[in-house]
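Have a look at the structure below before the remarks.
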Number of protein chains: 2
Amino acid sequence: MLAGLSRQYRGTAVIDYSQGLENGGMHMVHLSSVYRKLEEGSKRLTPQRELVIRIFSEHPGEHLSAEEVHQLVKKKFQDIGLATVYRSLELLTQLEILTRINFDDGRSRYEFNQEETHRHHHLVCVRCGRVEEYGEDLLDTLETRILNERGFAVLDHELKFYGVCRACALKKTN
Amino acid sequence: MLAGLSRQYRGTAVIDYSQGLENGGMHMVHLSSVYRKLEEGSKRLTPQRELVIRIFSEHPGEHLSAEEVHQLVKKKFQDIGLATVYRSLELLTQLEILTRINFDDGRSRYEFNQEETHRHHHLVCVRCGRVEEYGEDLLDTLETRILNERGFAVLDHELKFYGVCRACALKKTN
DNA sequence: GTGCGTGCAAACAATTTGCACGCTA
DNA sequence: TAGCGTGCAAATTGTTTGCACGCAC
């Protein structure tokens with residue numbers, strides 16, 4: 001099975017998963033489902049891929065870009081190629097372990113594809129640029145209507161709200 | 001006033017606006033509001049900018065990219081620089097004459113910022129890539145809730161549905 | 001041994017920017 | 001005449017790809 005795969009690769013760092021990735025906090029990721037998805041895609045869980053996953057697990061709710069992931073991996077663990085980061089992100093997205101999001105800041109960003117927290121939306125502050133998450137989903141009825149009215153079968157949706165966050169609203173000046 | 005500005009520039013084409021841009025069809029654009037917005041921004045309505053606007057008025061509902069606008073302007077009117085198209089799109093977006101949209105196809109796209117048709121959404125077909133529009137807006141109550149619950153004052157929102165359009169659903173094979 | 005995954009550098013594509021020049025206010 | 005707007009080419013930036021190598025199966 002895959003669990004045994006991730007010992008080492010290219011003679012580099014060995015990652016201790018005795019405690020799993022679940023240590024992160026509230027935004028838990030089920031390593032087992034990561035293993036399963038890799039297995040189903042018959043992909044190896046290499047140290048580089050593990051590191052990428054680990055970065056996300058240690059930065060819950062952060063919408064990281066490829067460059068940011070690369071920097072974090074380098075800083076916290078070891079040097080890996082930026083191209084490898086891109087390829088890992090691509091792979092993990094295809095396996096639905098990550099989700100690609102676009103905040104129109106010129107680069108793609110990624111977050112865990114948390115099926116439990118499924119369909120959360122984003123509140124993008126136009127002043128400070130910070131992105132909050134919003135868990136509500138009231139769009140099901142709308143999706144049914146779209147199917148009936150237009151014959152368009154909705155598979156997924158993406159909703160972003162642009163506005164002013166509480167913190168910025170409180171800053172009276174400027 | 002601005003109306004008299006757009007005679008010619010660099011000795012090139014003169015555009016006849018005796019009939020205005022409103023000829024386009026259902027997706028009418030009020031030239032007067034375009035004038036007003038340029039005036040408020042104290043920007044000139046140059047022939048190049050007019051041509052860009054004209055292209056959008058002649059392609060209602062089409063979500064054009066910079067490159068596409070450039071090609072269309074060149075084909076239908078005259079050769080202008082691609083950089084100028086980019087700068088025009090940027091300016092017109094800032095003046096809220098156009099709206100920038102992102103369909104994750106690797107380039108920014110633009111459409112008229114139709115305040116009348118305000119808040120229409122997009123149905124993106126994951127098979128053929130075509131984008132339909134959907135005029136409904138049921139998000140007002142949700143926005144009020146977000147303000148109350150989170151203190152986040154929503155100014156605008158963007159909603160995209162991904163799914164299979166009717167045409168593709170009918171193609172049984174492949 | 002075959003092939004997947006990686007690192008590096010080169011290639012790409014969309015977009016931005018520097019600069020000289022012409023036209024407009 | 002001062003400065004905005006343009007065209008062109010060069011520069012940037014995010015992302016992808018070709019290739020040789022090494023480890024895993």
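All values reported here derive from a predicted model rather than from experimental measurement.
Rounding to whole angstrom units, CZ of residue Arg49(A) and P of dC23(D) are separated by 17 Å. Look at CG on Leu91(A): it is 17 Å from P on dT15(D), rounded to the nearest Å. One atom, CG of Asp104(A), and another, P of dA14(C), lie 17 Å apart when rounded to the nearest Å. Nucleotide dT24(C) holds its P atom 11 Å from the CD atom of Gln48(B), rounded to whole Å. Counting to the nearest Å, the P atom of dT15(D) and the CZ atom of Arg107(B) are 15 Å from each other. Going from atom CG of Leu45(A) over to atom P of dG5(C) covers 11 Å, rounded to whole Å. Residue Arg44(B) contributes atom CZ, which lies 8 Å from atom P of dT24(C) at whole-angstrom precision. Following rounding to the nearest Å, Asn102(A) (CG) and dA14(C) (C1') show an atom-to-atom distance of 13 Å.
Using a 4.0 Å cut-off on heavy atoms, the residues of residues 80-90 of chain B that approach DNA chain D are Ile80(B), Gly81(B), Ala83(B), Thr84(B), Arg87(B), listed by number.
Legend: salt bridge (charged side-chain N to carboxylate O under 4.0 Å, His left out) pairs involving residues 59-74 of chain B, not counting sequence neighbours, sorted by first then second residue: Glu68(B)-Arg109(B).
Between Tyr162(B) and His157(A) the shortest side-chain heavy-atom distance does not fall below 4.5 Å.
For Glu90(A), the side chain to side chain donor-acceptor pair (under 3.5 Å) partners are Gln94(A), Arg100(A), not counting sequence neighbours.
At a cut-off of 3.5 Å, with distance as the only test, a side-chain donor of Glu133(B) or His63(B) sits close to an acceptor on the other residue.
For Thr46(B), a side-chain nitrogen or oxygen approaches OP1 or OP2 of dT6(D) to under 4.0 Å. Within the structure, a side-chain polar atom (N or O) of Ser108(A) is placed less than 4.0 Å from OP1 or OP2 of dT15(D).
Note on Lys160(B) versus Glu158(B): salt bridge recorded, some NZ/NE/NH1/NH2 to OD/OE distance being below 4.0 Å.
Separation of the His122(B) and Phe103(B) ring centroids falls under the 6.0 Å cut-off.
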